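See structure below.
All residue numbers refer to positions in the sequence shown, counting from 1. Just so you know, these numbers come straight off a predicted model, no measurement behind them.
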Amino acid sequence: MASISVTSAQQLTIDPYDKSVSADIERALMESDLGITPTSDGNVIRINIPPLTEDRRKELLKQCKGIGEEGKVAIRNVRRDGIDGIKKLEKASTISKDQAKDGLDALQKLTDSNIKEIDGIVANKEKEVMKV
């Protein structure tokens, strides 16, 4: 559809292969919720990326925390499915109570370590986003 290049630290250049779709690309960028305004000279579309404001940094931070929370919920859902599977195996007498307890403990440790990893990633991203 188009080639995208970085002309400077604050500018992207979009060069459509088919120049007739240039207006469509520009309109799509304007309608997106990115907070940028493209400029076109007929052949090439330029996007100037403004420096992050304090408000925009806070919005990005909320978004990061939301994505992290979605990841933690997904991990908890997998844990719940694993617990259900272990309990079914125990009920069917396929595994013993000790094996079930060991499996539940291992599942909890794995869940805790993954949630801790997500928290660390979100904390690092928070520092990165808030750094001026």
Side-chain angles (χ1 to χ4, degrees):
M1 175 138 252
S3 66
I4 301 173
S5 59
V6 180
T7 53
S8 70
Q10 298 292 320
Q11 187 178 55
L12 295 176
T13 303
I14 302 172
D15 187 13
Y17 299 129
D18 182 7
K19 304 303 179 198
S20 64
V21 297
S22 169
D24 294 333
I25 294 172
E26 190 173 355
R27 186 170 10 91
L29 287 168
M30 287 180 142
E31 291 174 359
S32 69
D33 192 24
L34 297 175
I36 55 174
T37 304
T39 56
S40 176
D41 63 6
N43 293 331
V44 177
I45 300 170
R46 298 188 199 299
I47 301 171
N48 291 318
I49 301 172
L52 292 175
T53 63
E54 187 71 24
D55 292 337
R56 182 67 178 144
R57 289 178 197 275
K58 288 179 181 178
E59 285 176 33
L60 289 172
L61 189 58
K62 282 183 189 176
Q63 205 172 16
C64 289
K65 288 180 179 180
I67 291 170
E69 192 58 39
E70 287 174 14
K72 291 194 278 189
V73 167
I75 289 172
R76 290 183 191 118
N77 289 338
V78 170
R79 178 188 64 187
R80 186 187 64 234
D81 293 343
I83 288 171
D84 291 345
I86 290 172
K87 287 182 179 179
K88 284 179 185 175
L89 289 173
E90 183 183 4
K91 195 170 193 176
S93 297
T94 307
I95 60 173
S96 68
K97 284 187 176 187
D98 289 340
Q99 289 173 322
K101 182 162 176 28
D102 290 343
L104 291 174
D105 290 343
L107 190 59
Q108 185 61 47
K109 285 180 185 175
L110 189 60
T111 300
D112 291 343
S113 70
N114 283 318
I115 286 179
K116 188 175 183 180
E117 183 179 350
I118 287 176
D119 287 338
I121 291 169
V122 169
N124 287 340
K125 189 52 76 172
E126 179 179 350
K127 289 176 190 171
E128 183 181 320
V129 167
M130 293 309 285
K131 183 174 67 174
V132 178

Run the salt bridge (Lys or Arg N to Asp or Glu O under 4.0 Å) check on Arg27 and Asp24 step by step: do they pass? CA-CA 5 Å; Arg27 186 170 10 91; Asp24 294 333; 2.6 Å; yes
Residue set satisfying side-chain hydrogen bond (donor to acceptor under 3.5 Å, both in side chains) with Ser20, at least two apart, ordered chain then number -> Asp18
Strictly by side-chain hydrogen bond (donor to acceptor under 3.5 Å, both in side chains), give each pair with a member in residues 36-54 just once, sequence neighbours left out. Gln11-Asn48
Go through the structure and list residues passing side-chain contact (heavy atoms from CB on, under 4.5 Å) with Ala2, not counting sequence neighbours. Ile14, Pro16, Ile25
Are any of the side-chain heavy atoms of Val122 and Lys125 separated by less than 4.5 Å? no
If you look at every heavy atom in Pro50 and Gln10, which pair is closest and at what distance? C-OE1, 4.0 Å
For residues 79-92, dump all side-chain donor-acceptor pairs below 3.5 Å to protein atoms at least two apart in sequence or in another chain.
residue, atom, partner, partner atom, Å
Arg79, NH1, Gln108, OE1, 3.3
Arg80, NH1, Asn77, OD1, 3.1

Salt bridge (Lys or Arg N to Asp or Glu O under 4.0 Å) against Glu31, all qualifying residues, sequence neighbours excluded: none
As a test of understanding, state which of Val44, Ile4, Ile45 forms a side-chain contact (heavy atoms from CB on, under 4.5 Å) with Thr13. Val44
By side-chain contact (heavy atoms from CB on, under 4.5 Å), which residues pair with Leu12, not counting sequence neighbours? Val6, Ile47, Ile49
The salt bridge (Lys or Arg N to Asp or Glu O under 4.0 Å) partners of Asp119 (sequence neighbours excluded) come to Lys72
Can you list the residues that meet the side-chain hydrogen bond (donor to acceptor under 3.5 Å, both in side chains) rule with Arg57, with sequence neighbours excluded? none
Check this for me, if you would: do Glu128 and Lys131 make a salt bridge, where the nitrogen-to-carboxylate-oxygen distance has to be below 4.0 angstrom? no
Give, for atom CG of Leu110 and atom CD1 of Ile115, the distance between the pair rounded to the nearest 0.5 Å. 10.0 Å
Under the rule for side-chain hydrogen bond (donor to acceptor under 3.5 Å, both in side chains), what residues qualify as partners of Lys101, not counting sequence neighbours? none
Leu61 meets the side-chain contact (heavy atoms from CB on, under 4.5 Å) criterion, sequence neighbours left out, with Lys65, Glu126, Met130
Partners of Asp102 by salt bridge (Lys or Arg N to Asp or Glu O under 4.0 Å), sequence neighbours excluded? none
Sequence-distant partners of Ser93, side-chain contact (heavy atoms from CB on, under 4.5 Å), two or more places apart: none
For the residue pair Gln99 and Ser96, what are the closest heavy atoms and their distance? OE1-N, 2.9 Å
